Amino acid sequence: MNILIKNGTILPMNVADDMPKYFKGNLGIEGNKISFVSAEQSDVDNFRAKHHENCKIIDASGCIVMPGLINTHTHIAMTLLRGISDDVPLMEWLNDHIWPIEAHMGYNEILIGAKLGALEMLKGGTTTFVDMYPYEEAVAEASEEAGIRAIVSPCAMDFRMPHFEEDWRAVQKRFSNSKLVSMMIGVHAIYTCSPDNMKHAMELSEQLSTGIHIHHSETQDEEKTVRERYNANPTEHLVNVGLIKRPTLAAHCVYMSDNDIKTFAENNVSVAYNPQSNMKLASGIAPIAKMLDSGVNVSIGTDGASSNNDLDMWDEMRTASLLQKVNSMNPCVLTAYQVLQMATVNGAKAIGREGELGILQEGALADVILVNFEKPHLYPHTNLISELVYSCHASDVETVIVDGNIVVENRKCTTMDETKVCTDAQNTIDRLLNQ
Ligand SMILES: [Zn+2]
């Protein structure tokens, strides 16, 4: 489909530091790519002349037109487990609450949870996410149906390695030609994956020419366990095993020394910062301001909905900034625009899709969202960047386009029956909790 988005306020996320960040303008989409982004009426006229009737026109008056958000660390099927266990520490949360119920979750339960997660994300303007979970084949299936871009990470873990093999093969077989689904290799964490299994995952990521997605240095307990087991801290262990030489996306990274940060910068490791999950599980505060100063690419993730408890990237962006400010007692760190970069361009870089995603420019993939600014909590309009990060909600997202397809229009999902997705999730969790 060809789409002309007219009269919007365009926030392309690719302007030089000293230039205005947004302008009144228009955007054209041909097929699954952006064909122009411009303030010139002549570009609109040319686009209309070229496509005549074969063109959907969206009036974006009163809306910000910006790249879809990129959530670089989540477990979307865990939306099914939202609220089942709160207010306990990470290891107790995993051992006593999450893992026992996950043991009863197979392909279908994960498919149902993933559909709910995909629906929530699309309606909030997230167009790409990086996932890690068992049965990533089901997450991939849900994503194709929803029309959201997914990077699924079948996950190496000592106690489920046979399943890992099966899962990545299934994803590879079924989705290798997908326009929306691609794969990273997951390594759950150092404390759940032996060096031998890690090396196996690394070899596989090399064969498949893809990156590694890992939980890293999330808690003090993890740091202690890794030190006792390997006589090294988690980052030193990644270096010793050699994993750091693969393109790596490391989630959390709460306990990072200055040396660890230097190692990440030197090895181009990207970080997924998950402030709300780290706060809720009282894991700690990642030294993000230091990482950014050292040149580490930092993106934003929500983590799973059962440790957050939502997949709302607007809320996450706001928390990302506020937490770093109070932690450093410095209101200047993590500016609103920096946070927007983390949720768009930095996210794209973290998944090796720089220039293709997280940006509005000619030739980029058409993942575009319209945010309605005609709302009381967004008035008066003085600084739209500030309003996006500090005042906006997921429910302000009006229209969502992924890969050139309109998947949310006037706040309604066009690809899935929203009522059925919610009802299926309710029935499934009721059954899991009552067995
Ligand atoms: Zn996680």
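Order of listing sets the numbers, starting from 1, for every ligand and every atom in it. The chain is numbered in sequence order, starting from 1. Keep in mind that this is a model prediction, so the values were computed, not measured.
Evaluation of the side chain to side chain donor-acceptor pair (under 3.5 Å) rule for Asn177 yields no partner, not counting sequence neighbours. Residues that satisfy the side chain to side chain donor-acceptor pair (under 3.5 Å) test with Thr319, not counting sequence neighbours, are Gln276.
Salt bridge annotation for Lys115-Glu145: present, with a cationic side-chain nitrogen under 4.0 angstrom from a carboxylate oxygen.
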Can I get a per-line list of side-chain donor-acceptor pairs under 3.5 Å for residues 79-88, giving both atom names and the distance, sequence neighbours left out?
| residue | atom | partner | partner atom | Å |
| --- | --- | --- | --- | --- |
| Thr79 | OG1 | Ile76 | O | 2.8 |
| Thr79 | OG1 | Gly113 | O | 2.8 |
| Thr79 | OG1 | Gly117 | N | 3.4 |
| Arg82 | NH1 | Glu120 | OE1 | 3.0 |
| Arg82 | NH1 | Asn309 | O | 3.0 |
| Arg82 | NH2 | Glu120 | OE1 | 3.1 |
| Asp86 | OD1 | Lys280 | NZ | 2.7 |
| Asp86 | OD1 | Asn309 | ND2 | 3.1 |

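Counting only distances under 2.8 Å, and ignoring water, the protein N, O or S atoms around the Zn ion (ligand 1) are His73 NE2, His75 NE2, His215 NE2, Asp303 OD1.
Atoms CG and CD1, on Asn327 and Ile285 in that order, are 4.0 Å from each other to the nearest 0.5 Å.
Between the side chains of Lys325 and Asn330, no donor-acceptor pair is found at a separation under 3.5 Å.
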